[in-house]
Amino acid sequence: MQRLFSTFADGPPGAGLLMQRLLVGAALVYCVAATPIGTVTVPQVIGALAGLLLIAGLWTPVAGVVAACAETWIAFSSSAHAGISAALAVLGVTLALIGPGEWSVDARLYGRKHYIPPQL
């Protein structure tokens with residue numbers, strides 16, 4: 001995972017990525033929660049699972065691409081609210097390309113480790 005990103009954005013850019021991840025992830029989960037139970041489709045469930053990964057910041061590049069594919073599928077298969085699905089697809093791609101930021105599980109697991117040599 002570390003090879004995908006040279007750094008994990010910190011400071012204000014990292015906070016912006018955190019807000020973007022929370023917004024996109026919550027929107028993906030809400031799309032399933034607001035849908036009547038009998039009408040939930042497979043791409044919506046896949047999108048919601050990717051949204052949960054985005055909220056946590058875990059496997060962000062993969063989750064972003066999966067969310068984008070699921071939302072593209074929804075946009076082309078349903079004419080209702082296709083614009084929202086298209087916007088979520090684009091936001092998923094941006095998260096996959098930019099990365100999760102400093103405040104994510106990815107940064108904790110795969111971020112650069114600071115090694116302090118022992119004192120002699």
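The analysis underlying the following values was restricted to heavy atoms, covering all of them including side chains, and did not include hydrogens, waters or symmetry mates.
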Please output the side-chain donor-acceptor pairs of residues 23-34 that fall under 3.5 Å, not counting sequence neighbours, one pair per line with the distance.
none

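- Checked against side-chain hydrogen bond (donor to acceptor under 3.5 Å, both in side chains), Thr41 has the following partners two or more places apart in sequence or in another chain: Gln44.
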Stepwise side-chain contact (heavy atoms from CB on, under 4.5 Å) check, Leu58 with Asp106: CA-CA 5 Å; Leu58 179 62; Asp106 282 343; 4.0 Å; yes
Sequence neighbours excluded and cut-off under 3.5 Å, please list the side-chain donor-acceptor pairs for residues 93-105, or say none.
{"residue": "Thr94", "atom": "OG1", "partner": "Gln20", "partner atom": "NE2", "Å": "2.8"}
{"residue": "Thr94", "atom": "OG1", "partner": "Leu91", "partner atom": "O", "Å": "2.7"}
{"residue": "Ser104", "atom": "OG", "partner": "Gly101", "partner atom": "O", "Å": "2.9"}
{"residue": "Ser104", "atom": "OG", "partner": "Ala107", "partner atom": "N", "Å": "3.1"}

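- The heavy-atom pair separating Ala50 from Ala63 by the smallest distance is CB-O, 3.6 Å.
- Tracing side-chain contacts under 4.5 Å through hydrophobic residues (I, L, V, M, F, W, Y), one reaches Val62 starting from Val42; they form part of the same cluster.
- Annotation: the span from Leu54 atom CG to Leu49 atom CG amounts to 11.0 Å, rounded to 0.5 Å.
- Residues satisfying the side-chain hydrogen bond (donor to acceptor under 3.5 Å, both in side chains) criterion with Ser78, sequence neighbours excluded, are absent altogether.
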Give the table of side-chain donor-acceptor pairs shorter than 3.5 Å for residues 68-77, with sequence neighbours excluded, one pair per line with atom names and distance.
{"residue": "Glu71", "atom": "OE1", "partner": "Ser85", "partner atom": "OG", "Å": "3.3"}
{"residue": "Thr72", "atom": "OG1", "partner": "Ala68", "partner atom": "O", "Å": "2.7"}
{"residue": "Ser77", "atom": "OG", "partner": "Trp73", "partner atom": "O", "Å": "2.9"}
{"residue": "Ser77", "atom": "OG", "partner": "Ile74", "partner atom": "O", "Å": "3.4"}

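- Hydrophobic clustering of Ile, Leu, Val, Met, Phe, Trp and Tyr side chains at less than 4.5 Å, counting indirect connections, unites Ile55 with Leu18.
- Interatomic distance, Leu22 CG to Leu17 CG, rounded to the nearest 0.5 Å: 11.0 Å.
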